[in-house]
Amino acid sequence: MSGVSKAIVQPLLSWYDAGHRDLPWRSEPAPYRVWVSEIMLQQTRVEAVRGYFSRWMNALPDIPALAAADEAVYTKLWEGLGYYSRVRNLHRAAVLLCEEYGGELPADYDRLLALPGVGEYTAGAVASIAFGLPVPAVDGNVLRVAARLDNDFTPITDAKFKKQTRERFAALMPSDRPGDLNQSLMELGATVCLPNGAPRCGDCPIQHLCEGFHRGNAAVLPLRAAKKARRVENRTVLVVRCGQLVGLRQRPKKGLLAGLWELPSLDGHLSPDELRAALTEMGWSVRKLLSLRPAKHIFTHVEWHMNGVYVELDAPAPALTFVTPAELRDAYALPSAFRSFVSVLED
DNA sequence: AAAGCGGGGGG
DNA sequence: CCCCCAGCTTT
C-alpha cells in the first residue's frame, strides 16, 4: 500500500510528536486564536505572521473586541501584511458572530465555511485544530505532499486535484487527533517535503509510502499551471509637504489596496515641467519640486514603476488629508509600496 | 475555470 | 530574476 492512505497517519503523528515548530497559536489553541492565525497565514509565511499575530492578540483579544474595533484600528494592525480583504472579512465575520452565535465561533464545518473570508482550507483548519472535528485542511503544503505521495502529475492548481485531495484525506482522518494530523502534514510540507525541487526525502517519516520517491519523481513534482505575465504601470508618486504636514489620499473601497491610505500619484512618468503644469491645473500652489530616487513595487499581477517627487505647497490642497509624520506612522495604514518614499520624511 | 488580490524570503 | 507561501472571492 502506498500513496495517500491510512498507513501515513501513525508515522506522521509520531514524527509530529517527536518535534515541531513552536508556534504561538499552537501552544494555546483557543478558537479565536486559531481562526485569526489561519486568516493571517493565507498565502503568507509563518515567519511573517508571528509579529502581526502577537500585536493583534494584544490589541484585540477576543471576538467582541474585534467586532467593536474601528476600521482604522484593525486596518493599521494589518498594515504591510497584504491581501487586505482578509482583515475586512475578519471584522465582518466578528460582527456576524456576535449577532448570530453569541460572540463565539461555531464548532461546525459548514457554519465556519459560511463565514466571510473562510474557505475550505480555513474551515477545515479551525474545525480540526480548535474543535477536534475530523475534517481535512488542504493547503499548498498538503497538495504538494499528496502529489508526491501519489506520483500524480495533475497540476495541483487544478480545482479537481484540490477536491480529490480533500476527499482522499477526509477518508483517513483519525477521530482522536485530526488537528494534529493536519498540522503534521503542513509541518512536513514546510520543513521536509519542500517545494522547488528540493524535497529532503532522507528526513521523511513516510518515504517508504511515497510513490513519487519510489519512482524518482519527488523532485520534479508537483506540477503547476503556468502563471500569467504581469503588466507594468508607470506612476509619478508625490511626497506632498505643507509646513510640517504630509498630504495623503485614501484609496477606493474596492480593488487593489482597497481603503488604505496612499501618497498621491499621477498616471505615467511626468517630467518636472509636465508635473508642475498638472499640479497648477489642479489648483495646487507649488513652492518647490525635488526629484526622489525611483522605486519599483511588484504585486502578484502588476508592477508599479514609480518616479518620486517631493512637493512643497504654500497652502493645503483640498483633495488631500494632511497629517503629521507621527500620525502617519501611528494611525494611517499605508501599503509597503510607498515605504521608500515615506523614509524621506524621517530626515 | 480564470482573474484579482500583497508582500517578502530565498534560490 | 523567479518561486511560492497554513487561499478566498468574484466574474
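Keep in mind it's a predicted model, so treat the numbers as computed, not measured. Residue numbers start from 1 in every chain, and the chains themselves are labelled A, B, ... in the order their sequence lines are given, proteins ahead of strands.
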A:Y83, nearest nucleotide to its side chain (from C:dC4, C:dG7, C:dA6)
C:dG7
Remember a base hit wins even if backbone is also touched, and classify A:E47 as base, sugar-phosphate or nothing at under 4.0 Å, heavy atoms.
nothing
How far does CG of A:L185 sit from CG of A:L13, to the nearest 0.5 angstrom?
9.0 Å
From NE2 of A:H297 over to P of C:dC1, roughly how many Å is that when rounded to an integer?
14 Å
Under 4.0 Å, counting only non-hydrogen atoms across every strand here, what does A:R339 touch: a base, just sugar-phosphate, or nothing?
sugar-phosphate
Looking for any heavy atom pair under 4.0 Å, which part of the strands does A:A159 touch: base, sugar-phosphate only, or nothing?
sugar-phosphate
Let's see if you can work this out: which of C:dG7, C:dA6, C:dT9 has an atom nearest to the side-chain heavy atoms of A:E38?
C:dA6
To the nearest Å, how far apart are A:L194 CG and C:dC4 C1'?
12 Å
A:H20 NE2 to C:dA6 P, in whole Å, measures 16 Å
Test applied, salt bridge (charged side-chain N to carboxylate O under 4.0 Å, His left out); reference residue, A:E71; option that passes from A:R92, A:K76, A:K253:
A:K253
Separation of C:dA6 P from A:R166 CZ (nearest whole Å)
19 Å
Under 4.0 Å between any heavy atoms, over every strand shown, what does A:T300 touch: base, sugar-phosphate, or nothing? Just pick one.
base
State whether A:Q42 places a side-chain N or O below 4.0 Å from either non-bridging phosphate oxygen (OP1 or OP2) of C:dG7.
no
Backbone N or O of A:V138 within a donor-acceptor pair of the A:R166 side chain at under 3.5 Å?
no
Would you measure the distance from the P atom in B:dG6 across to the matching atom in C:dT11 and give it in whole Å?
15 Å
Ion pair check, A:E262 and A:R235, cut-off under 4.0 Å:
no
Would A:N182 and A:M173 satisfy side chain to side chain contact (heavy atoms under 4.5 Å, CB included), going step by step from the backbone distance to the final call?
CA-CA 9 Å; A:N182 285 332; A:M173 295 304 297; 3.6 Å; yes
Report the distance from atom NE2 of A:H91 to atom CG of A:N89, rounding to the nearest 0.5 Å.
11.5 Å
May I ask you to check if A:R111 and A:Y109 form a cation-pi contact, with NZ or CZ under 6.0 angstrom from the six-membered ring centre and within 45° of the axis?
no
Nearest heavy atom decides the nucleotide; on that basis, is A:I298 or A:I156 closer to the 5' end of DNA chain C?
A:I298
Looking at every strand, decide which applies to A:R21 at a 4.0 Å heavy-atom threshold: base, sugar-phosphate, or nothing.
base
Mind checking A:L257 for me? I need base, sugar-phosphate or nothing, with any heavy atom below 4.0 Å counting as a touch.
sugar-phosphate
Answer with base, sugar-phosphate or nothing: what part of the nucleic acid does A:K163 contact at a heavy-atom distance below 4.0 Å?
nothing
So does A:R224 reach the base of C:dC4 with its side chain, donor to acceptor, closer than 3.5 Å?
no
For B:dG6, the Watson-Crick or wobble partner whose two distances fall under 3.5 Å
none
Measuring from A:E38:CD to A:L41:CG, what's the distance to the nearest 0.5 Å?
5.5 Å
So A:V118, base contact, sugar-phosphate only, or nothing? Heavy-atom distance under 4.0 Å.
sugar-phosphate
Hey, is the side chain of A:N196 poking within less than 4.0 Å of OP1 or OP2 on C:dC4, counting only N and O atoms?
yes
Heavy atoms of chain A, cut-off under 4.0 Å: which first and last nucleotide of DNA chain B, 5' to 3', fall inside that, if you could look?
B:dA1 to B:dG9
Using heavy atoms to find the nearest nucleotide of DNA chain C for A:R45 and A:R92 separately, return the residue whose nucleotide is more 5′.
A:R45
Contact under 4.0 Å: A:S37 side-chain N or O vs C:dA6 OP1/OP2
no
Determine whether the aromatic ring centres of residues A:F299 and A:H301 are separated by less than 6.0 angstrom.
no
Just the rounded figure in Å: distance from P of C:dA6 to CZ of A:R50.
12 Å
Expressed as a whole number of angstroms, how long is the span from A:R33:CZ to C:dA6:C1'?
16 Å
Counting the atoms with a prime plus P, OP1 and OP2 as sugar-phosphate, which does A:L260 contact under 4.0 Å by heavy atoms, base, sugar-phosphate, or nothing?
nothing
Once you apply a heavy-atom cut-off of 4.0 Å, does A:G80 come out as touching a base, just sugar-phosphate, or nothing?
sugar-phosphate
Just how far, in rounded Å, is C1' of C:dC8 from CH2 of A:W78?
12 Å
What integer distance in Å separates A:D139:CG from C:dC4:P?
14 Å
Taking the C1' atom of each, how far is B:dA3 from C:dA6, in whole Å?
23 Å
